[in-house]
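Only one structure is covered here, and it is reproduced in the block below.
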Amino acid sequence: MYKLGLPADPKEVAAIEARRNREKERQSRFFNVRNRVMGVDVEALNNQVEEKKLREATEQSKDAAYAAKQVQYDLVAQMLEKEEAERARRLAKKIQDFREQKQQLKNRREFDPWDPVRLQREFPVYLNDSDPFYGPASMQCFFGEDLDRTTYLRMQQEQFRYSLERQLQEQQQARVDEKCADMLNDQLHLAMDMRAAHLARLEESCRVAMMFAMANANKAQAAELAERQRLEHQRQQEANLMEIQNQVTSDFLTENPQVAQNSMAPHRVLPYCWKGMTPEQRAAIRKVQEAQCHEKEAQHQAEQALDTEWESQTMHLAQAAQELEEQERELCAEFRRGLGSFNQQLAKEQKAQQNYLNSIIYTNQPTAQYHLQFNTSSR
């Protein structure tokens with residue numbers, strides 16, 4: 001693969017460096033003989049507990065901020081839903097009013113074909129002379145005669161005045177409704193703005209409180225870290241002084257071989273106090289090594305003798321096998337010679353038998369008369 005020389009990701013580099021630092025700190029804590037103790041690492045457990053508490057506090061503050069934002073969004077959504085429902089209700093009311101006023105059943109063009117009382121109106125009973133159903137042929141009314149003209153005019157004027165007053169009332173009511181709707185819409189927008197400002201103030205206060213809590217937690221953690229470092233430094237200094245005193249007052253720097261003796265196991269030594277072997281121990285080790293060399297040499301000679309014996313037996317077995325193969329070849333050759341002579345003798349006998357048959361027995365050939373007599377005798 002080609003090396004492109006791309007820059008490394010800063011986040012990945014920071015994460016690797018953090019893991020490396022933690023591993024170095026862990027190794028320094030484990031491999032330090034003066035500070036290492038058998039059993040549970042109380043300091044590491046305390047650090048883990050503090051880190052867990054800080055992480056839980058941070059998560060709680062994040063959850064609280066998220067809950068406040070969620071409440072704010074829920075309120076805004078509820079206000080928007082209420083406004084949309086109110087707008088839909090007003091639109092439905094206007095549509096219903098328009099249908100009741102402008103789209104009545106009697107004003108439709110297709111009302112006459114399916115009018116249930118159409119037949120009754122076609123043949124009504126006679127009411128007066130001005131009935132339009134009865135013409136001149138009915139002898140009930142005559143052309144030019146209008147007895148109820150004054151009544152019709154008065155009713156027409158009253159109907160026109162009623163229609164005009166009704167239209168004025170509807171226009172006034174529409175203006176009043178529009179003003180009320182605008183006023184309610186303004187009030188709703190004002191309430192939404194006030195609620196949004198209140199929620200923004202609550203969010204700001206929550207953010208400030210969270211930042212203040214985080215700053216206090218960071219200060220407490222920094223103070224705790226400084227105190228831990230101070231105690232660690234003090235413990236390190238005390239351990240160094242104790243080590244110097246132990247080195248000066250103990251037998252570690254002396255050449256006394258008794259210091260390395262283990263009181264629990266006399267055949268073992270203490271590795272950190274052992275100064276080396278004595279001349280007697282080295283002489284004993286050399287003697288054991290020489291004995292092991294002699295023993296190894298004797299074992300080697302015995303193995304060589306055994307190998308020589310196996311080789312001689314192998315050679316004898318090979319010679320015996322070769323002799324057996326030669327005997328087998330001789331027997332096979334003798335068998336093939338005997339089989340060949342037997343086959344020749346058998347061939348001679350067969351040839352003599354065939355000559356006998358051809359020269360003596362099969363000399364007379366049957367004629368046509370013989371076949372005719374044979375056929376008549378069989379019938």
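Each residue takes its place number in the sequence, starting with 1.
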Give the table of side-chain donor-acceptor pairs shorter than 3.5 Å for residues 284-301, with sequence neighbours excluded, one pair per line with atom names and distance.
{"from": "His300", "atom 1": "NE2", "to": "Gln304", "atom 2": "NE2", "distance (Å)": "2.7"}

Checklist entry - Rounded to the nearest 0.5 Å, what separation is found between the OG atom of Ser61 and the CE atom of Met211? => result 12.0 Å
Item to check | salt bridge (Lys or Arg N to Asp or Glu O under 4.0 Å) between Glu23 and Arg20, worked out | outcome: CA-CA 5 Å; Glu23 183 65 21; Arg20 187 181 292 113; over 6 Å; no
Item to check | Residues, nucleotides or ligands: over 12 heavy atoms within 6.0 Å of Glu100 CD | outcome: yes
Checklist outcome for this item: Rounded to the nearest 0.5 angstrom, the CD-OG1 distance for Gln319 and Thr314 is 11.5 Å
Item to check | Atom pair CD/CD of Glu203 and Gln72 - distance to nearest 0.5 Å | outcome: 5.5 Å
Item to check | Atom CD of Glu328 with >12 non-hydrogen neighbours under 6.0 angstrom | outcome: no
Checklist outcome for this item: In this structure, CG of Asp186 is separated from CG of Leu190 (nearest 0.5 Å) by 8.5 Å
Next on the checklist: Looking at Gln159, I want to see if its CD is surrounded by more than 12 non-hydrogen atoms of other residues, nucleotides or ligands under 6.0 Å.
Outcome noted: no
Item to check | Leu153 and Gln156, any side-chain heavy atoms less than 4.5 Å apart | outcome: yes
Item to check | Charged N-O contact under 4.0 Å between Glu86 and Lys82 | outcome: no
Checklist entry - Under a 4.5 Å cut-off applied to non-hydrogen side-chain atoms, are Glu227 and Glu224 in contact? => result no
Checklist outcome for this item: Residues Ala191 and Met79: closest non-hydrogen pair is O-CE, 4.4 Å
Item to check | 4.5 Å side-chain heavy-atom contact, Phe212 and Asn216 | outcome: yes
Checklist entry - Can you name the one residue among Glu232, His233, Glu238 that meets side-chain hydrogen bond (donor to acceptor under 3.5 Å, both in side chains) with Arg235? => result Glu232
Next on the checklist: Can you tell me if Arg268 has over 12 outside heavy atoms packed within less than 6.0 Å of its CZ?
Outcome noted: no
Checklist entry - Which is it for Gln313 and Trp310 under the side chain to side chain contact (heavy atoms under 4.5 Å, CB included) test, yes or no, and what are the steps along the way? => result CA-CA 5 Å; Gln313 290 182 5; Trp310 275 107; 4.0 Å; yes
Checklist entry - Is a salt bridge present between Lys62 and Glu59, judged by a nitrogen-to-oxygen distance below 4.0 Å? => result no
Item to check | Inter-residue atom distance Gln187.CD - Met194.CE, 0.5 Å rounding | outcome: 11.5 Å
Next on the checklist: Using the rule given for side chain to side chain contact (heavy atoms under 4.5 Å, CB included), can you reason through Gln234 versus Gln237, listing the C-alpha separation, both sets of side-chain angles and the distance that settles it, and then say yes or no?
Outcome noted: CA-CA 5 Å; Gln234 183 178 358; Gln237 293 295 330; 5.8 Å; no
Checklist entry - Between Leu202 and Leu75, is there a shared hydrophobic cluster once you connect ILVMFWY residues whose side-chain heavy atoms come closer than 4.5 Å? => result yes
Checklist entry - Should Met192 and Leu80 be marked as a side chain to side chain contact (heavy atoms under 4.5 Å, CB included) after you check the CA-CA gap, both sets of side-chain angles, and the distance that decides it? => result CA-CA 9 Å; Met192 290 177 63; Leu80 292 175; 3.8 Å; yes
Next on the checklist: Within this structure, what is the CD-CZ distance for the pair Glu84 and Arg89, rounded to the nearest 0.5 Å?
Outcome noted: 13.0 Å
Next on the checklist: I want to check something: taking the side chain as every heavy atom from C-beta on, are Asn47 and Arg228 in contact at a cut-off of under 4.5 Å?
Outcome noted: yes
Checklist entry - Would Asn21 and Glu25 satisfy side-chain hydrogen bond (donor to acceptor under 3.5 Å, both in side chains), going step by step from the backbone distance to the final call? => result CA-CA 6 Å; Asn21 294 332; Glu25 183 180 358; over 6 Å; no
